[in-house]
Participant: 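This structure is in structure tokens; I'll ask about it shortly.
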Amino acid sequence: MLQVAFIRQHREEVLQRLAVKNFKETELVDDVLGTDDRRKRLKASLDETQAAVKVASREIHVLLKKGEAEEAEHSKNEVATLKQQIGHLTEELQKTEQHLEDSLLRLPNLPHATVPAGTTPDDNEIVRKGGEQPVLSPEALPHWELAKKYDLMDTELGNKITGSGFPVYRGQGARLQRALISYFLDYNITAGYTEYIPPYMVNEASAYGTGQLPDKEAQMYQVTLDNFYLIPTAEVPLTNIYRDVIIPAGTLPVKMTAYTPCFRREAGSYGKEVRGLNRVHQFDKVEIVQIVHPDHSYDVLEEMVAHVEKLLQNLKLPYRVLRLCGGDLSFTSALTYDFEVYSAAQQRWLEVSSVSNFESFQTNRMKIRTKDDHGKSLLLHSLNGSSLALPRIVACLLENNQQPDGIALPEALQAYFGKNLIS
RNA sequence: GGAGAGAUGCCAGAGCGGUCGAAUGGGACGGUCUCGAAAACCGUUGUACGGGCAACUGUACCGAGGGUUCGAAUCCCUCUCUCUCCGCCA
């Protein structure tokens with residue numbers, strides 16, 4: 001959520017930057033400002049009236065003590081009139097505040113100055129590439145065939161138990177998942193992140209906090225009886241740990257990591273895009289989250305990008321780093337780097353990580369603050385990234401490393417997996 | 001799931017319907033003392049939204065939402081959560 005004071009001071013800039021995100025409802029900006037003006041006027045009247053009631057009540061107390069009942073009755077009638085006014089003013093103020101909130105919730109975060117203009121993923125900027133794209137023989141198999149060949153995964157079984165997009169991992173396939181999760185977590189912990197195991201369901205307030213609500217409601221599975229949401233990413237419970245918390249400056253930055261399953265409805269996806277592990281409803285992911293002082297958030301973003309990049313290098317996977325264009329940037333993000341790995345058998349790039357700076361967009365909703373040098377409240381910045389999402393990593397590991405005798409595992413994983421070859 | 005108790009400031013814990021934003025203790029911070037520290041003593045110690053260049057000031061907030069009253073932390077209702085006991089159970 002953007003800050004009204006910022007919009008007020010930088011109206012033109014806000015409009016320009018929203019245009020980079022191809023945001024159309026520009027009238028919302030002035031609506032916010034007008035509504036906030038009305039809010040302030042109502043608040044002033046309400047405060048004044050309430051103060052009058054307070055004064056009158058004390059008078060009545062004094063009058064009653066002195067035994068001047070008639071005078072007291074007179075004051076009581078006055079208060080009754082004031083109370084009516086308070087009723088109206090309160091109602092108006094609530095409506096106005098609600099309207100302000102609704103409008104603010106519809107404004108996306110402002111893109112950072114370096115975000116390229118553009119509307120589709122084709123407009124994303126390729127920042128750099130790494131690793132080597134293997135040349136596979138013509139008989140090379142896509143990962144869903146390899147998974148069958150080595151009995152790593154059973155999608156049919158997932159269909160039976162739940163439905164499509166809920167794969168079952170078995171044997172070496174399950175072991176590989178566990179190896180990757182452990183490796184990623186250990187790697188993050190070494191870099192100073194604290195490991196968490198958060199709840200996999202969250203309440204409405206948490207879903208609002210990170211921005212899944214209101215605009216991504218259809219993306220989440222809902223537990224309607226208890227009004228919970230299955231988490232689409234560990235970002236939601238992790239960041240909400242600090243909802244409504246004033247973090248002492250000395251304990252910054254906050255660095256958290258967690259492995260969780262992630263649940264996404266992915267409504268509207270179909271075809272070869274979703275074949276095998278390309279797009280599933282339940283998948284495993286290790287997430288990193290940082291909450292930092294606003295002065296450092298872009299340095300931290302680069303640090304997190306470097307962190308994820310090293311992980312992909314350690315896995316010996318061919319990758320590229322993209323800076324998302326305005327049109328591909330999420331509602332809540334100011335700047336996002338996507339990581340894609342090259343699936344050699346499918347000959348396409350698959351997104352495996354997204355590292356973003358949300359600046360104060362999430363922390364404003366969640367009231368995650370610290371105190372500045374003058375003792376004033378200051379919104380912190382939140383960032384997060386995947387390190388990493390498993391399914392597509394698995395897909396690429398299988399496809400890119402297939403050999404006649406099995407699938408070779410990178411050295412980094414061998415200790416976790418227990419051997420160097422899936423066969 | 002059944003029965004009972006409770007929810008107050010960073011923590012613990014008082015609080016007759018009328019200067020209660022809230023006693024007291026602890027912690028933290030600042031100061032005095034000290035070469036330094038401890039102890040002792042003194043002081044400070046909330047959030048949000050308005051107004052003001054500022055000092056400062058108005059209003060709201062004692063789990064959440066309603067109600068009674070001239071006036072509610074204090075009385076009533078609803079909800080949420082926590083604890084204790086019983087039941088069930090990984």
Side-chain angles (χ1 to χ4, degrees), chain A residues 1-9 32-105 197-209 223-229 237 240-252 254 261 291 360 362-380:
Chain A
M1 199 154 68
L2 298 176
Q3 294 169 262
V4 180
F6 183 88
I7 299 175
R8 190 177 294 284
Q9 285 157 28
V32 162
L33 295 178
T35 308
D36 190 50
D37 285 336
R38 199 159 82 241
R39 194 197 107 250
K40 284 184 184 180
R41 285 200 300 274
L42 286 167
K43 169 77 174 149
S45 313
L46 180 61
D47 282 1
E48 213 173 290
T49 317
Q50 278 175 327
V53 169
K54 226 174 167 174
V55 170
S57 295
R58 280 177 197 155
E59 269 174 20
I60 291 169
H61 179 52
V62 174
L63 289 171
L64 288 176
K65 265 194 165 169
K66 286 199 278 187
E68 297 179 23
E70 223 167 278
E71 287 293 314
E73 278 310 310
H74 183 69
S75 291
K76 283 188 190 181
N77 289 334
E78 270 177 28
V79 172
T81 317
L82 292 173
K83 291 282 273 194
Q84 277 201 339
Q85 291 177 27
I86 288 175
H88 292 140
L89 286 168
T90 306
E91 199 183 323
E92 276 305 302
L93 183 62
Q94 274 173 358
K95 270 193 223 160
T96 308
E97 281 175 341
Q98 188 60 53
H99 183 82
L100 182 63
E101 167 101 359
D102 291 346
S103 297
L104 278 172
L105 281 175
I197 300 181
Y200 301 156
M201 288 191 244
V202 296
N203 59 27
E204 213 170 53
S206 295
Y208 265 100
V223 183
T224 52
L225 199 57
D226 296 288
N227 209 243
F228 293 150
Y229 295 86
N240 272 281
I241 288 172
Y242 284 93
R243 172 151 51 88
D244 294 320
V245 174
I246 295 175
I247 305 173
T251 64
L252 294 171
V254 170
I291 299 172
S360 59
Q362 294 182 327
T363 57
N364 189 27
R365 284 192 186 187
M366 284 187 274
K367 300 286 169 270
I368 302 179
R369 294 161 293 177
T370 190
K371 293 291 186 186
D372 68 13
D373 296 339
H374 307 289
K376 293 267 190 192
S377 291
L378 176 72
L379 288 174
L380 293 164

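The chains referred to below are lettered A, B, ... by the order of the sequence lines, with proteins before strands, and numbering in each begins at 1.
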Participant: Look at A:Lys54 and B:A60 and indicate whether a side-chain polar atom (N or O) is within less than 4.0 Å of OP1 or OP2.
Facilitator: yes
Participant: I'd like the P distance from B:C11 over to B:G27, given in whole Å.
Facilitator: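 That atom pair is separated by 16 Å.
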Participant: Between B:C62 and B:U44, how many Å separate the two P atoms, rounded to a whole number?
Facilitator: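 Per the computed distance, 25 Å lies between those P atoms.
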Participant: Using purine N1 to pyrimidine N3 plus N6-O4 or O6-N4 for Watson-Crick, or N1-O2 and O6-N3 for G-U wobble, each under 3.5 Å, what pairs with B:A55?
Facilitator: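 Across all strands, not a single nucleotide pairs with B:A55.
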Participant: Expressed in whole Å, how much space separates the C1' atoms belonging to B:G65 and B:G31?
Facilitator: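 Their C1' atoms lie roughly 46 Å apart.
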Participant: Under a 3.5 Å limit for both distances, which nucleotide forms a Watson-Crick or G-U wobble pair with B:A3, could you say?
Facilitator: B:U84
Participant: Which whole-number value in Å describes the distance from A:Asp244 CG to B:A48 P?
Facilitator: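 Going from CG in A:Asp244 over to P in B:A48 covers 11 Å.
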Participant: Paired with B:U47: which nucleotide, if any, by Watson-Crick or G-U wobble criteria at under 3.5 Å for both distances?
Facilitator: B:A60
Participant: Could you state the atom-to-atom distance from CD of A:Glu97 to P of B:G50 in whole Å?
Facilitator: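 The distance from CD of A:Glu97 to P of B:G50 comes to 9 Å, rounded to the nearest Å.
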Participant: For A:Arg243 and B:A48, give me the distance from atom CZ to atom C1', rounded to whole Å.
Facilitator: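 To the nearest whole Å, that distance equals 17 Å.
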Participant: Please round to the nearest 0.5 Å and tell me the distance separating atom CE of A:Met201 and atom CG of A:Asn227.
Facilitator: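 Reported to 0.5 Å precision, the distance equals 12.0 Å.
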Participant: Looking only at atom C1', what distance separates B:G9 and B:C79, rounded to whole Å?
Facilitator: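 Roughly 24 Å separates the two C1' atoms.
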Participant: Between B:G67 and B:U82, how many Å separate the two C1' atoms, rounded to a whole number?
Facilitator: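 The same atom, C1', in both gives a distance of 26 Å.
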Participant: At less than 4.0 Å, is any side-chain N or O atom of A:Arg39 found next to OP1 or OP2 of B:G50? Yes or no.
Facilitator: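 A:Arg39 to B:G50 OP1/OP2: side-chain N or O found under 4.0 Å.
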Participant: Check whether more than 12 heavy atoms from other residues, nucleotides or ligands sit under 6.0 Å from atom CD of A:Glu48, and answer yes or no.
Facilitator: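 Counting other residues, nucleotides and ligands, CD of A:Glu48 stays at 12 neighbours or fewer.
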Participant: Of the options B:U47, B:U59, B:G71, whose atoms approach the side-chain atoms of A:Ala51 most closely?
Facilitator: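 Selected nucleotide (nearest to the side chain): B:U59.
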Participant: Could you tell me the separation between the CD atom of A:Glu48 and the P atom of B:A60, rounded to a whole number of Å?
Facilitator: 13 Å
Participant: Nearest to the side chain of A:Asp47, which nucleotide is it out of B:G58, B:U47, B:G18?
Facilitator: B:G58
Participant: Could you let me know what B:A38 is paired to, Watson-Crick or G-U wobble, both distances under 3.5 Å, or none if it's on its own?
Facilitator: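 Base-paired to nothing in any strand shown.
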Participant: What does B:C20 pair with, Watson-Crick or G-U, if both distances are under 3.5 Å?
Facilitator: none
Participant: A side-chain contact here means heavy atoms from C-beta on lying under 4.5 Å apart; do A:Leu105 and A:Arg365 qualify?
Facilitator: yes
Participant: Just how far, in rounded Å, is P of B:U19 from NE2 of A:His61?
Facilitator: 7 Å
Participant: Just name whichever nucleotide pairs with B:A73, Watson-Crick or G-U, keeping both distances under 3.5 Å, else none.
Facilitator: none
Participant: Is B:C10 paired to anything, Watson-Crick or G-U wobble with both distances less than 3.5 Å, and if yes, which nucleotide?
Facilitator: B:G26
Participant: Just how far, in rounded Å, is P of B:U69 from CG of A:Asn77?
Facilitator: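 Rounded to whole Å, this separation is 13 Å.
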Participant: Quote, to the nearest angstrom, the P distance that separates B:A22 from B:C33.
Facilitator: 32 Å
Participant: Taking the C1' atom of each, how far is B:C10 from B:A28, in whole Å?
Facilitator: 8 Å
Participant: Give a yes/no answer on whether the side chain of A:Arg369 brings an N or O atom under 4.0 Å of OP1 or OP2 in B:A48.
Facilitator: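 Answer yes for this pair, as a side-chain N or O of A:Arg369 is under 4.0 Å from OP1 or OP2.
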Participant: Could you walk me through whether A:Asp36 and A:Lys43 satisfy the salt bridge (charged side-chain N to carboxylate O under 4.0 Å, His left out) test, starting with their C-alpha distance in whole Å, then the side-chain angles of each, then the deciding distance to 0.1 Å, before giving a yes or no?
Facilitator: CA-CA 10 Å; A:Asp36 190 50; A:Lys43 169 77 174 149; over 6 Å; no
Participant: Which listed nucleotide (B:U47, B:U69, B:G18) is nearest to the side chain of A:Ser57?
Facilitator: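 Of B:U47, B:U69, B:G18, B:G18 is nearest to the side chain of A:Ser57.
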Participant: Starting from C1' on B:C81, measure out to CZ on A:Phe228 and report it in whole angstrom.
Facilitator: 12 Å
Participant: What is the distance from atom OG1 of A:Thr251 to atom CD1 of A:Ile291, rounded to the nearest 0.5 Å?
Facilitator: 9.5 Å
Participant: Going through the checks in order, is the side chain to side chain contact (heavy atoms under 4.5 Å, CB included) test met by A:Arg243 and A:Lys367?
Facilitator: CA-CA 6 Å; A:Arg243 172 151 51 88; A:Lys367 300 286 169 270; over 6 Å; no
Participant: Return the value, rounded to whole Å, for the distance between atom CD of A:Glu70 and atom C1' of B:C70.
Facilitator: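 Rounded to the whole Å, the gap is 16 Å.
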Participant: Is any side-chain heavy atom of A:Glu92 less than 4.5 Å from a side-chain heavy atom of A:Leu46?
Facilitator: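 Side chain of A:Glu92 against side chain of A:Leu46, heavy atoms only: no contact under 4.5 Å found.
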Participant: Nearest-nucleotide wise, let me know which of A:Val53 and A:Ser377 is further upstream toward the 5' end of RNA chain B.
Facilitator: A:Ser377
Participant: Suppose you measure atom P in B:U84 against the same atom in B:G13; what distance do you get, rounded to whole Å?
Facilitator: 15 Å
Participant: Closest-nucleotide mapping onto RNA chain B: is A:Gln50 or A:Lys43 further toward the 5' terminus? I mean the 5' end.
Facilitator: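 Nearest-nucleotide comparison on RNA chain B picks A:Lys43.
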